[in-house]
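I'd like to ask some things about the structure below.
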Amino acid sequence: MSSENPEDKQQIADAQKNPEVIAALTETLAAGSRRDRQQAARIIAGVARENAELLVPFAPSLVDALERPEAQTRWECLDALTQLVPADARGCEKAIPGAEAALFDEDSGPLRLAAMRFLCRLGATTEKRSEKVWSLVDEGIQCYHGDLEFQDMLAAVIDFSQGKLAPEVKVGLADRMRFDATNGRGMLKKRAAQIVEHCEK
């Protein structure tokens with residue numbers, strides 16, 4: 001969600017070469033000033049986009065950082081955890097409570113979107129995880145229908161609908177999106193129809 005400036009790009013490159021730099025960044029997430037935490041989280045999210053596997057040893061620190069008060073630190077860490085799911089889904093599972101709190105944060109649209117993306121990516125990995133996250137994904141769809149971030153949330157739900165979902169989750173998701181697939185307009189109708197189609201395969 002953040003655009004990278006040249007200084008950020010250099011820090012991201014340095015972190016990829018040296019695990020000690022990543023360790024220092026994750027320590028800053030637990031301490032430091034609000035500004036320092038946000039900067040560290042931004043660099044960590046950049047590392048995750050380039051090579052998420054480097055962050056596997058630091059997953060607990062990213063989960064812990066979801067307790068910080070400022071929205072940006074949390075959404076950057078959720079973005080990093082989303083990238084980390086394929087490499088360490090089990091470690092990422094511990095972030096579900098923090099993602100739930102972020103999903104229903106009243107003050108930050110980017111934070112809510114990051115939470116939905118994380119939950120959808122994690123839930124798509126196994127039937128059991130799809131059951132764990134489904135009630136949150138379902139509530140998010142209902143709560144933010146029509147919000148500024150909703151179309152981007154639906155893009156994440158499309159990916160979720162193509163994952164390894166439990167049969168009852170597929171049924172529930174298809175039922176949730178059927179009205180929009182039939183009565184929606186434009187991109188909403190198109191994306192809702194895609195989700196229903198994936199769930200009914």
Side-chain angles (χ1 to χ4, degrees), residues 1-2 26 29 41-42 44-67 71-105 108-145 147 149-170 172-174 176-177 191-192 194-199 201:
M1 286 187 203
S2 307
T26 57
L29 292 177
R42 193 163 75 235
I44 287 167
V47 171
R49 284 189 293 275
E50 297 294 328
N51 187 354
E53 290 191 5
L54 294 172
L55 297 175
V56 169
F58 306 101
S61 297
L62 300 182
V63 172
D64 178 67
L66 300 181
E67 303 292 324
Q72 185 181 346
T73 296
R74 288 185 284 157
W75 87 55
E76 301 282 13
C77 288
L78 280 165
D79 284 351
L81 286 160
T82 301
Q83 297 294 333
L84 195 54
V85 165
D88 185 20
R90 189 173 293 176
C92 290
E93 222 171 311
K94 296 182 176 118
I96 291 175
E100 178 178 2
L103 184 64
F104 301 110
D105 186 287
S108 176
L111 180 57
R112 295 192 295 268
L113 176 57
M116 180 66 98
R117 284 175 169 158
F118 168 75
L119 291 165
C120 286
R121 175 73 63 88
L122 182 67
T125 55
T126 67
E127 290 190 9
K128 191 172 180 184
R129 289 192 188 109
S130 77
E131 291 171 336
K132 274 189 177 179
V133 306
W134 165 237
S135 64
L136 299 174
V137 171
D138 187 31
E139 197 173 345
I141 291 169
Q142 294 175 72
C143 285
Y144 304 121
H145 197 283
D147 280 17
E149 300 81 26
F150 189 64
Q151 290 294 345
D152 289 328
M153 285 186 176
L154 275 190
V157 177
I158 288 171
D159 291 340
F160 178 63
S161 71
Q162 295 175 289
K164 297 172 183 170
L165 306 189
E168 60 270 29
V169 174
K170 283 188 177 185
L173 181 53
R176 174 62 59 213
M177 300 309 303
R191 287 183 170 167
Q194 272 184 282
I195 293 165
V196 172
E197 184 185 336
H198 293 154
C199 290
K201 277 183 180 173

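The figures here come from the full heavy-atom set of this structure, side chains too, leaving out hydrogens, waters and symmetry mates.
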Original post:
Between Ser108 and Gln72, is any pair of side-chain heavy atoms under 4.5 Å apart?
Top reply: no
**OP:** Can you sort out the partners of Phe150 under ring-ring contact (aromatic ring centres under 6.0 Å, His included), two or more places apart, ordered by chain and number?
**Re:** His145
Original post:
Which pairs with one or both residues in residues 149-167 pass salt bridge (charged side-chain N to carboxylate O under 4.0 Å, His left out), sequence neighbours excluded?
Top reply: Arg112-Glu149
Residues 86-103 side chain polar contacts: donor-acceptor under 3.5 Å, at least two apart:
unit_1	atom_1	unit_2	atom_2	d
Asp88	OD1	Gly91	N	3.1
Glu93	OE1	Arg129	NE	2.8
Glu93	OE1	Arg129	NH2	3.4
Glu93	OE2	Lys132	NZ	2.4

**OP:** To the nearest 0.5 angstrom, please state how far the CZ atom of Arg117 sits from the CG atom of Leu122.
**Re:** 16.0 Å
Original post:
Given side chains that start at C-beta, do those of Leu154 and Met177 come closer than 4.5 Å, heavy atoms only?
Top reply: yes
**OP:** Take Leu113 and Trp75 through the test side chain to side chain contact (heavy atoms under 4.5 Å, CB included) and record every step on the way to the result.
**Re:** CA-CA 8 Å; Leu113 176 57; Trp75 87 55; over 6 Å; no
**OP:** Would you indicate whether the side-chain heavy atoms of Ile195 and Phe160 approach each other to under 4.5 Å?
**Re:** no
**OP:** Please identify each residue that fulfils side-chain contact (heavy atoms from CB on, under 4.5 Å) with Ala80, with sequence neighbours left out.
**Re:** Ile44, Ala48, Leu55, Leu62
Subject >> Residues, nucleotides or ligands: over 12 heavy atoms within 6.0 Å of Gln162 CD >> reply: yes
Subject >> Sequence-distant partners of Ser161, side chain to side chain donor-acceptor pair (under 3.5 Å), two or more places apart >> reply: His198
Subject >> Shortest non-hydrogen contact from Gly172 toward Trp134 >> reply: C-CZ2, 3.5 Å
Subject >> side chain to side chain donor-acceptor pair (under 3.5 Å) involving Thr73 - partner list, sequence neighbours excluded >> reply: Glu70
**OP:** Take Ile158 and Arg191 through the test side chain to side chain contact (heavy atoms under 4.5 Å, CB included) and record every step on the way to the result.
**Re:** CA-CA 7 Å; Ile158 288 171; Arg191 287 183 170 167; 3.7 Å; yes
Original post:
What's the spacing between Thr126 OG1 and Leu165 CG if we round to 0.5 Å?
Top reply: 9.5 Å
**OP:** Please name all residues satisfying salt bridge (Lys or Arg N to Asp or Glu O under 4.0 Å) with Asp147, sequence neighbours left out, ordered by chain then number.
**Re:** none
Original post:
Taking only residues two or more places apart in sequence or in another chain, which ones pass side-chain contact (heavy atoms from CB on, under 4.5 Å) with Glu197?
Top reply: Lys201
Subject >> All side-chain contact (heavy atoms from CB on, under 4.5 Å) counterparts of Ser61, not counting sequence neighbours >> reply: Thr26
**OP:** Would you check if Glu139 and Phe104 make a side-chain contact, meaning some heavy-atom pair closer than 4.5 Å?
**Re:** yes
Subject >> Nearest-0.5 Å distance, CG of residue Leu54 to CD of residue Gln83 >> reply: 12.5 Å
Original post:
How long is the span from the CD atom in Glu67 to the CG atom in Leu29, to the nearest 0.5 Å?
Top reply: 13.0 Å
Subject >> Residues forming a side chain to side chain donor-acceptor pair (under 3.5 Å) with Asp64, sequence neighbours excluded >> reply: Arg68
Original post:
Rounded to the nearest 0.5 Å, how far apart are CZ of Arg121 and CG of Leu81?
Top reply: 11.5 Å
Subject >> Counterpart residues, salt bridge (Lys or Arg N to Asp or Glu O under 4.0 Å), relative to Arg176 (two or more places apart) >> reply: Asp138
**OP:** Side-chain contact test, heavy atoms from C-beta onward, threshold under 4.5 Å: evaluate it for Ile141 versus Leu173 and give yes or no.
**Re:** yes
